[in-house]
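Below: the structure, in structure tokens.
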Amino acid sequence: MILIFLSVFTSLFAPTRALFLIARAEPIDPFRELWEAVKIVESRNTEKIINYTEGAYGIAQIRQIKLNEYYNKTGKRYSLRDCLNEAVSKEIFYWHCEKYYTLELAAKRWNGSGPKTTAYWNKVKYYL
């Protein structure tokens, strides 16, 4: 009786075919939208651009002082010319953003300090 009972009920719950569902999770990129907006504001999304007047290089217009800070904190040394590569600029920008609690503060500090950073944030916010 037990065997008949088990054979009936186990067949009711057994799947008819083997299926596996493997979901692929997208990686979290908390600064992607800010990065896209800053690229537009800083360089009109132009990768290999140099502002000789300000000494700013690349798509995110990185200056030597930012490279010095990055090197001092990470030990990775880049030159300003390296910042003409978008991947290098993005690495430095993301490192910068990780230090701040809000996108607004990250953007303002990317631009510098003082009252002009509010105008900069408003430009960036427009593209967010």
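Keep in mind the model is a prediction, meaning the values are calculated, not measured. Reckoned from all heavy atoms, side chains included, excluding hydrogens, waters and symmetry mates.
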Which donor-acceptor pairs under 3.5 Å do side chains of residues 78-89 form with protein atoms, sequence neighbours excluded?
from	atom 1	to	atom 2	distance (Å)
Y78	OH	E91	OE1	2.9
Y78	OH	E91	OE2	3.3
S79	OG	R81	N	3.4
S79	OG	D82	N	3.2
S79	OG	D82	OD2	3.3
D82	OD2	S79	N	2.8
N85	OD1	A87	N	2.8
E86	OE2	K39	NZ	2.9
S89	OG	C83	O	2.7

Rounded to the nearest 0.5 Å, what separation is found between the CD1 atom of I50 and the OG atom of S43? 12.0 Å

Rounded to the nearest 0.5 Å, how far apart are CG of L67 and CD1 of I92? 5.0 Å

Who passes ring-ring contact (aromatic ring centres under 6.0 Å, His included) against Y71, sequence neighbours left out? none

In terms of hydrophobic clustering (I, L, V, M, F, W, Y; side-chain heavy atoms under 4.5 Å; direct or indirect links), are L105 and F31 co-clustered? no

CG (L34) and NZ (K125) are apart, to the nearest 0.5 Å, by 13.0 Å

Heavy-atom count around K116 NZ within 6.0 Å, excluding the residue itself: above 12? no

For residues 51-60, which side-chain N or O atoms pair as donor and acceptor with protein atoms under 3.5 Å away, sequence neighbours left out?
from	atom 1	to	atom 2	distance (Å)
N51	OD1	T53	N	3.1
N51	OD1	E54	N	3.1
E54	OE1	R63	NH2	2.3

So, using ring-ring contact (aromatic ring centres under 6.0 Å, His included) as the criterion, who are the partners of F93 when residues are at least two apart? W35, W110

Which residues pass the ring-ring contact (aromatic ring centres under 6.0 Å, His included) test with Y127, not counting sequence neighbours? none

Any pair counted as side-chain hydrogen bond (donor to acceptor under 3.5 Å, both in side chains), so long as it reaches residues 92-107, sequence neighbours left out: D29-Y94, K66-H96, E69-K99, E104-K108

Does the pair W121 and V41 meet the rule for a side chain to side chain contact (heavy atoms under 4.5 Å, CB included), with working shown? CA-CA 10 Å; W121 168 242; V41 171; over 6 Å; no

